[in-house]
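Residue numbering restarts at 1 for every chain, and letters A, B, ... go by the order of the sequence lines.
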2 protein chains.
Amino acid sequence: MKISINADYMLRAVFELAQSKSDKPIPISQIAKSQHIPSKFLEKLFRRLKQYDIVKAIKGKNGGYFLKHKPEEITMHQIIQAAEGQVKIHNCLERSKETTCRNIDNCIFREFWHKFNIHIDEFLKSYTLNDFLTSK
Amino acid sequence: MKISINADYMLRAVFELAQSKSDKPIPISQIAKSQHIPSKFLEKLFRRLKQYDIVKAIKGKNGGYFLKHKPEEITMHQIIQAAEGQVKIHNCLERSKETTCRNIDNCIFREFWHKFNIHIDEFLKSYTLNDFLTSK
DNA sequence: TTAAAACATACTAATTTAGTAGGAATTTGT
DNA sequence: ACAAATTCCTACTAAATTAGTATGTTTTAA
């Protein structure tokens, strides 16, 4: 029930892109420095952000990253999902994984976990990057 | 963002107490067996449940555990809290711990995490053990 | 052609989670 | 009185996850 540091790093990194007024891409080195995140580690996180369609990369010298969408189109849910993979609160809710539950079919708690998960998702979807920009 | 196995174990164990019609305390060995949880491990979890005032213990032969309160008075929040300690979604929200955030005082995201936490807590408080008993 | 950037993969360290071992203390039934 | 079944206690270990490094290759602008 903890948010990983990854999610925190990614959120702050993406927020920095959102804040940028520049028309040039922002390199990882710059974000790593201003957010005190190990640069090589942040690289890896950006690749995840790219996979999840949140940022786009410009390669080569003077390259870097842009947001791929407008801040108001990027939800917290997307960012946290990029950081942690599909956000499933309980193994019960993931197909492939072994559940700790033996009586899978009529597990009494499964519906509860499912509702809990929906509750969380909806909260996360209700916030976009823009909410943080304007709050400043 | 995952519920620990502990929480799952504890929930199922406590549910089994709630279901019991007997006026005798239920020993750990019995629950361990029916729920396929290592007995010694479950012992430890029960001590946590006791600390958090969810169950009461009867020592000695023919001893075991009872729920300390009525099922409708025991919330999911209490159980998960017993399992995972204070449920804080982000280190930002815990006093003592070092935050990853450098600008602690005016961190833009803190309020978001806080609201998220409240959202989760309220959901968990809205369910009691009784909800699972009756659904059966 | 050099420098600065993204991209890729494999490794390591640190931390957390899950589980075990080996008992001591308590209580009941015989 | 004593054996058995129980909770209670502490320390240890194993497994898994998370966080971070190392060592590059590839791409592109100046």
Side-chain angles (χ1 to χ4, degrees), chain A residues 1-10 12-13 17 22-33 35-52 54-66 68 80 82-85 88 90-91 94 97-100, chain B residues 1-10 12-13 17 22 24-33 35-52 54-66 68 80 82-85 87-88 90-91 94 97-100:
Chain A
M1 284 298 293
K2 270 271 187 300
I3 290 291
S4 65
I5 292 187
N6 285 10
D8 196 76
Y9 283 172
M10 283 158 104
R12 279 153 53 202
L17 296 187
S22 163
D23 56 344
K24 289 178 198 156
I26 299 183
I28 281 171
S29 55
Q30 182 181 317
I31 295 174
K33 199 172 175 190
Q35 297 294 338
H36 308 94
I37 303 169
S39 187
K40 275 292 188 184
F41 190 55
L42 191 55
E43 274 188 32
K44 221 178 346 185
L45 299 182
F46 264 91
R47 268 175 263 137
R48 294 271 285 287
L49 286 168
K50 193 185 161 195
Q51 276 168 30
Y52 277 79
I54 293 168
V55 300
K56 75 178 161 217
I58 310 294
K59 284 192 252 187
K61 189 167 181 184
N62 295 335
Y65 289 91
F66 287 115
K68 184 142 175 198
I80 290 181
E84 317 214 331
K88 293 293 178 199
H90 193 289
N91 284 341
E94 294 177 72
K97 292 210 176 160
E98 270 308 303
T99 71
T100 47
Chain B
M1 284 299 293
K2 270 272 187 301
I3 290 290
S4 65
I5 292 187
N6 285 10
D8 196 76
Y9 284 172
M10 283 158 104
R12 279 153 54 202
L17 297 187
S22 164
K24 289 177 197 157
I26 299 183
I28 281 171
S29 55
Q30 181 180 318
I31 294 174
K33 198 172 176 191
Q35 298 294 337
H36 308 94
I37 302 169
S39 188
K40 274 290 189 183
F41 191 55
L42 191 56
E43 274 187 31
K44 220 177 348 185
L45 299 182
F46 264 92
R47 269 176 263 137
R48 294 272 284 289
L49 286 168
K50 193 185 163 196
Q51 276 169 30
Y52 277 79
I54 293 168
V55 301
K56 75 177 161 219
I58 310 293
K59 283 193 255 188
K61 189 167 180 183
N62 295 335
Y65 290 90
F66 288 116
K68 185 142 176 198
I80 291 181
E84 317 214 332
V87 183
K88 293 292 178 198
H90 193 290
N91 284 341
E94 295 177 71
K97 291 209 177 160
E98 270 308 302
T99 70
T100 48

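C:dT27 atom C1' lies 17 Å from atom NZ of B:K56, rounded to whole Å. Going from atom NZ of B:K24 over to atom P of D:dA5 covers 15 Å, rounded to whole Å. Atom NZ of A:K2 is separated from atom P of C:dT15 by 16 Å (rounded to the nearest Å). As rounded to whole Å, 13 Å separates atom P of C:dA5 from atom CG of A:L42. Atom CZ in B:F66 sits about 14 Å away from atom C1' in D:dT7, given to the nearest Å. The distance between atom CZ of A:R48 and atom P of D:dT18, rounded to the nearest whole Å, is 10 Å. One interatomic measurement links the two molecules: CD1 of A:I26 to P of C:dA6, which rounds to 11 Å at whole-angstrom precision. Here C:dA4 presents its P atom at 18 Å from OH of A:Y65, a figure rounded to the nearest Å.
The two residues A:G85 and A:Y52 come nearest to each other via the heavy atoms CA-OH, 3.9 Å. Scanning all heavy atoms of the two residues, the minimum distance from A:Y65 to A:L17 falls at O-CD2, 3.6 Å. Contact detail for B:F66 and B:P25: the closest heavy-atom pair is CZ-N, 3.3 Å. Shown here for A:K50 and A:A57, the closest heavy-atom pair between the two residues is CD-CB, 4.2 Å.
The nucleotide whose nearest atom lies closest to any side-chain atom of A:K59 is, among C:dA3, D:dA5, C:dA6, C:dA6. Considering only side-chain atoms of A:P27, the nucleotide from C:dA6, C:dA4, D:dT7 that sits closest is C:dA6. The nucleotide whose nearest atom lies closest to any side-chain atom of A:N62 is, among C:dT20, C:dT28, D:dA29, D:dA29. Considering only the side chain of A:A57, C:dC7 comes nearest among C:dG19, D:dT7, C:dC7.
Note on B:F46: nothing from the nucleic acid sits closer than 4.0 angstrom, heavy atoms only. Contact annotation for A:G60: base contact, defined as any heavy-atom pair under 4.0 Å involving a base atom.
A donor-acceptor pair under 3.5 Å is absent between the side-chain atoms of B:E43 and the main chain of B:I28, judged by distance alone. At distances below 3.5 Å, not a single donor-acceptor pair connects side-chain atoms of B:E84 with backbone N or O atoms of B:A7.
Side-chain N/O atoms of A:R47 and base N/O atoms of C:dA8 include a donor-acceptor pair closer than 3.5 Å. Side chain A:K44 to base C:dT9: no donor-acceptor pair is found below 3.5 Å. Judged by distance alone with a 3.5 Å cut-off, a donor-acceptor contact links the side chain of A:K40 to the base of D:dT23.
Between A:E43 and A:S39, the residue anchored closer to the 5' end of DNA chain D is A:S39, taking for each the nucleotide with the nearest heavy atom. Nearer the 5' end of DNA chain D, as judged by each residue's closest nucleotide, is the contact made by A:F41, out of A:I58 and A:F41.
Between A:N6 and D:dT18 there is no side-chain polar atom (N or O) within less than 4.0 angstrom of OP1 or OP2. Within the 4.0 Å cut-off from OP1 or OP2 of D:dT18, not a single side-chain nitrogen or oxygen of A:Y9 is found.
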